Number of protein chains: 2
Amino acid sequence: MTFDAIDKKLLQLLQNDSKQTNKELSNKLNLSVTAVFERIKKLENNGVINKYVALVKKEKVEKSFVAFCHIKLSQHIQEYVVQFEKEVTNLTEVLECHHISGDYDYLLKVMVKDMEAFREFMVEKLTNINHIGSTHSMFVISEVKSTTAIPI
Amino acid sequence: MTFDAIDKKLLQLLQNDSKQTNKELSNKLNLSVTAVFERIKKLENNGVINKYVALVKKEKVEKSFVAFCHIKLSQHIQEYVVQFEKEVTNLTEVLECHHISGDYDYLLKVMVKDMEAFREFMVEKLTNINHIGSTHSMFVISEVKSTTAIPI
DNA sequence: AGTGAAAGTCAACTGTA
DNA sequence: TACAGTTGACTTTCACT
């Protein structure tokens, strides 16, 4: 689907706060409540809006330690790739896993309590996955920017 | 604040779908509607739930190209650091910027339309920021896993 | 695509245990 | 900390422009 200026503004507003009422949105967009309602439904039905979620502050739930892990597989046999991707997806500590270009095959975003929890995660979970060749971890010192809002 | 089993379950539910009604949540948690309401308010007031947002599918808004950029500063003078972090934060294409340990200083998550848009971003925006020493980019070939839900 | 008004549903507040 | 009942506000539908 295509987006006019109002759709774009609406998506930006909803990406920053999905708990606004249609009335509030209608004021910001100079539209009627019903028009806002129908535009939102259209965005939902077309799969543009994937889902609505609550974002939790990691510091409040003892998950302040974030690390990015590079992973190289030992061999790039399809069977190994499929199995690795399946197993890594099942790890709750892994919030993101990207297959990437470059020296390593994968980049993982891992969230745990502290360095000790990260050590445990590496030893007991990640490196227990078969076919991993090598890993290289980077620790997040500070979070400069972090948003889920895609610029439209 | 501390969390009992119900709080944890509630946070998981809301992190996956924040549009459920309190009645639906009350069924899943075997609790009354009011109890659910009060628990949610407590989580919001304590800052555990940071905000509610709509998640947009990047493929639907022509932002299918994701890259991770390593960045090294030319010098680690505080003034340079502050200015770099400020300028990079203002770039809408940069969804995340992490100050990290290791060979490079920063890891950025960048989202644009395609490789050509990425080239433009690099040439016209990113490398125009002062005090950047070197960069190294990795392109996302496929997204194996991506969630905003922190395991509680 | 847009609007205003009607109908149904929910969030939010009150009382009480 | 939990519950049930009340009320105003909201979402959703409908008839119409």
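Owing to the predicted nature of the structure, the values given are computational and were not obtained by experimental measurement. A, B, ... follow the sequence lines: proteins, then strands. Residue 1 opens every chain.
- Taking the six-membered ring where tryptophan is involved, the planes of H70(A) and Y104(A) are essentially parallel, since the angle between them stays under 30° and well short of 60°.
- Protein atom CD1 of I40(A) is 16 Å distant from nucleotide atom C1' of dT13(D), rounded to whole Å.
- Residue K23(B) is classed as having no contact, given no heavy-atom separation below 4.0 Å to the nucleic acid.
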Expected rows: protein N/O vs nucleotides 4-7 of chain D N/O, under 3.5 Å:
{"residue": "dA4(D)", "atom": "N7", "partner": "T34(B)", "partner atom": "OG1", "Å": "3.2"}

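- A salt bridge between K51(B) and D17(A) is absent, with no side-chain N of the basic residue lying under 4.0 Å from a carboxylate O of the acidic one.
- For the residue pair E87(B) and Q83(B), a side-chain donor N or O sits within less than 3.5 Å of a side-chain acceptor on the partner.
- Between E143(B) and K58(B), at least one side-chain nitrogen of the basic residue sits less than 4.0 Å from a carboxylate oxygen of the acidic one, meeting the salt-bridge criterion.
- Set against dC3(D), dT3(C), dT11(D), the side chain of T21(A) has dT11(D) as its closest nucleotide.
- When rounded to the nearest whole Å, the span between CZ of F37(A) and P of dG8(C) equals 16 Å.
- Remark: dC13(C) base-pairs with dG5(D). Criterion, Watson-Crick or G-U wobble with two distances under 3.5 Å.
- No cation-pi contact links K109(B) to F68(B), judged by a cut-off of 6.0 Å to the six-membered ring centre and 45° from its axis.
- Distance from the side chain of L31(A) is smallest for dT3(C) among the nucleotides dT3(C), dA12(C), dA2(D).
- No salt bridge links D114(A) with R119(A); every basic N to acidic carboxylate O contact stays at or beyond 4.0 Å.
- Across all strands, K42(B) comes closer than 4.0 Å only to sugar-phosphate atoms, never to a base (heavy-atom distances).
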